[in-house]
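Here is the structure we will look at, set down as structure tokens.
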Amino acid sequence: MKIQRKKLRQARLSLTHLSPKKINYLQTLQSALHDHDDRQIYELIDKTRYEREVKKSRSTTKTQELADLVADDHEQLSHYLSEKLIDYLGQTYPFFYYDEVKDGEFDIYFGNWWDRRKFGKLDVLNVAFKFDETEYNKLKRAFELDALNQRYNTENIADITANSAELQKLIEGQDERDHEKEKLRQQLKEVSQKSTLPWDSGKVKEERQGIVDQLSKLADDDEEAINANKKIKENDEKILSLSKEDTILTYEKQSIQQKFEDFSHFESHNQSLYTDYLTNLIGKGQVKADD
């Protein structure tokens, strides 16, 4: 907290320009930093929320002006407060891991296994998770599908597998198509040799067009069959990727179930994280809630 303490020293030099209330605020914050009293620091940076969610008070006291005195130092405060918070989270959410990408800013990763996912960010000052919406919704959906004995990508894999099966049929049906094309060409030749009397011309034209359409469809199937092996290989890679994702989601589900039993309890703990953590600090002797 070198930068933060420098800020406080600078503030003391200009105390004559501050109101007694602001002076007391800065002095109290400096004392809390000196005593490693994280509980009081949280109260100081958002007293309204602290009184509402920890003290359960209906007070409407506004203290934003005081908190703004250290607004420029939020990065340093976040870095400082992260130590005890992450220790606490390590016990409460043992499957989350944190990477400080810069002072006070933390990325959250789910798990320590291969191909683990970046799951969001940790907001230290507000004691809150900011989960990646896409990744969070995948996990939530995986829990819902688990009740149906399905995985997140069950339907996608089934669709891709069916597509590969159709492509394989095209490959295996080449001889049959060649035979059919030869047969249709012969029919086309016979139709072209038919009499074109006025009363027959429309019927002959329609018959000819029908054969041409069939030949065109077979030609399209031939073209698709040429690229079928490549597409099947691409499908296999997609299925492998989706299967890996299902495996990761299974690891994540099991991790949550081991700690919270189900997803709803996990969500409830996330919503009460601020209160739970500050209460934990109080329980460890960092002053009483009503001081």
Test item: Thr250 side-chain N/O and Asp246 main-chain N/O as donor-acceptor pair under 3.5 Å: yes
Atom of Tyr152, atom of Ala142 and distance for their closest heavy-atom approach: CD1-N, 4.4 Å
Main-chain N/O of Asp107 paired to Asp99 side chain as donor or acceptor, under 3.5 Å: no
Tyr50 and Arg39 side chains, donor-acceptor separation under 3.5 Å: yes
Which atom of Glu135 lies closest to which atom of Lys118, heavy atoms considered: CG-O, 3.9 Å
Donor-acceptor contact below 3.5 Å, side chain Ser268 vs main chain Ser264: yes
Glu234 vs Lys231, salt bridge (Lys or Arg N to Asp or Glu O under 4.0 Å): CA-CA, chis, key distance, verdict: CA-CA 5 Å; Glu234 290 173 353; Lys231 289 182 178 179; over 6 Å; no
Geometric class of the Tyr98/Phe129 ring pair [parallel <30°, tilted 30-60°, perpendicular >60°]: parallel
Arg49 side-chain N/O to Asn126 backbone N/O, donor-acceptor pair under 3.5 Å: yes
Joint cluster assignment, Trp114 & Ile108, ILVMFWY side-chain distance < 4.5 Å: yes
Plane angle bin for Tyr93 and Phe266 - parallel if under 30°, tilted between 30 and 60°, otherwise perpendicular: perpendicular
Hydrophobic cluster membership, Ile86 vs Leu278, 4.5 Å side-chain cutoff: yes
ILVMFWY cluster, Phe131 and Phe260 together (side-chain gap under 4.5 Å): yes
Flag side-chain contact, heavy atom, 4.5 Å: Val54 against Ile282: yes
Rounded distance [0.5 Å steps], CD1 in Ile160 versus CD1 in Ile232: 13.0 Å
Check: Ser78 side chain, Leu125 main-chain N or O, donor-acceptor pair, under 3.5 Å: no
Flag side-chain contact, heavy atom, 4.5 Å: Asp115 against Thr247: no
Test log, rule side-chain contact (heavy atoms from CB on, under 4.5 Å), inputs Leu77 and Ile45: CA-CA 10 Å; Leu77 279 171; Ile45 60 180; 4.2 Å; yes
Close side-chain approach of Thr275 to Lys56, heavy-atom, < 4.5 Å: yes
Test: Arg141 and Glu144 ion pair at under 4.0 Å: yes
Whether Tyr277 and Tyr88 hold their rings parallel, tilted or perpendicular, with breakpoints at 30° and 60°: tilted
Spacing of CG belonging to Asn235 relative to OG belonging to Ser164, to within rounding of 0.5 Å: 3.5 Å
Worked check of side-chain contact (heavy atoms from CB on, under 4.5 Å) between Phe106 and Val124: CA-CA 8 Å; Phe106 296 84; Val124 175; 3.8 Å; yes
Exercise: identify the closest heavy-atom pair between Leu29 and Leu44: CA-CD1, 3.6 Å
Mutual orientation of the aromatic rings belonging to Phe263 and Tyr136 [parallel < 30°, tilted 30-60°, perpendicular > 60°]: tilted
side-chain contact (heavy atoms from CB on, under 4.5 Å) assessment of Tyr42 paired with Leu81: CA-CA 9 Å; Tyr42 276 110; Leu81 291 167; 3.7 Å; yes
Path from Trp113 to Phe96 over hydrophobic side-chain contacts below 4.5 Å: yes
Aromatic plane relationship, Phe95 with Phe110 - under 30° parallel, 30 to 60° tilted, over 60° perpendicular: parallel
Salt-bridge present (Lys169, Glu172; N to O < 4.0 Å): no
Step-by-step side-chain contact (heavy atoms from CB on, under 4.5 Å) determination, Ile157 to Thr161: CA-CA 6 Å; Ile157 291 175; Thr161 301; 3.9 Å; yes
Under 3.5 Å donor-acceptor, His79 side chain and Asp103 backbone: no
Between NZ on residue Lys84 and CG on residue Asn280, distance to nearest 0.5 Å: 10.5 Å
Side-chain donor-acceptor contact under 3.5 Å, Gln271 with Glu267: no
Any Ile171 side-chain heavy atom under 4.5 Å of Asn229 side chain: yes
Short side-chain to backbone donor-acceptor contact, Ser241 and Glu237, under 3.5 Å: no
For Tyr80 against Leu33, the heavy-atom pair lying closest together: OH-O, 3.3 Å
Spacing of CG belonging to Asp123 relative to NZ belonging to Lys121, to within rounding of 0.5 Å: 11.0 Å
Arg117 NZ/CZ over Tyr109 ring centroid, <6.0 Å and within 45° of normal: no
Gap between atom CG of Leu273 and atom CG of Leu85 - 0.5 Å precision: 7.0 Å
Over 12 foreign heavy atoms within 6.0 Å of CD, Glu155: no
Donor-acceptor pair, side chain of Glu100 and main chain of Gly104, under 3.5 angstrom: yes
Main-chain N/O of Glu133 paired with Asn137 side-chain donor or acceptor, under 3.5 Å: yes
Shortest non-hydrogen contact between Ala32 and Gln40, atoms and distance: CB-OE1, 3.6 Å
Asp146/Lys253 under salt bridge (Lys or Arg N to Asp or Glu O under 4.0 Å): CA gap, chis, key distance, verdict: CA-CA 9 Å; Asp146 190 50; Lys253 284 197 297 92; 3.6 Å; yes
For the student: nearest non-hydrogen atoms of Ala228 and Leu167, plus distance: CB-O, 3.9 Å
Flag side-chain contact, heavy atom, 4.5 Å: Lys55 against Glu43: yes
No-hydrogen, no-angle side-chain donor-acceptor test under 3.5 Å, Glu245 and Asn153: yes
Nearest-0.5 Å distance that lies between atom CG in Asp87 and atom CD in Glu83: 6.0 Å
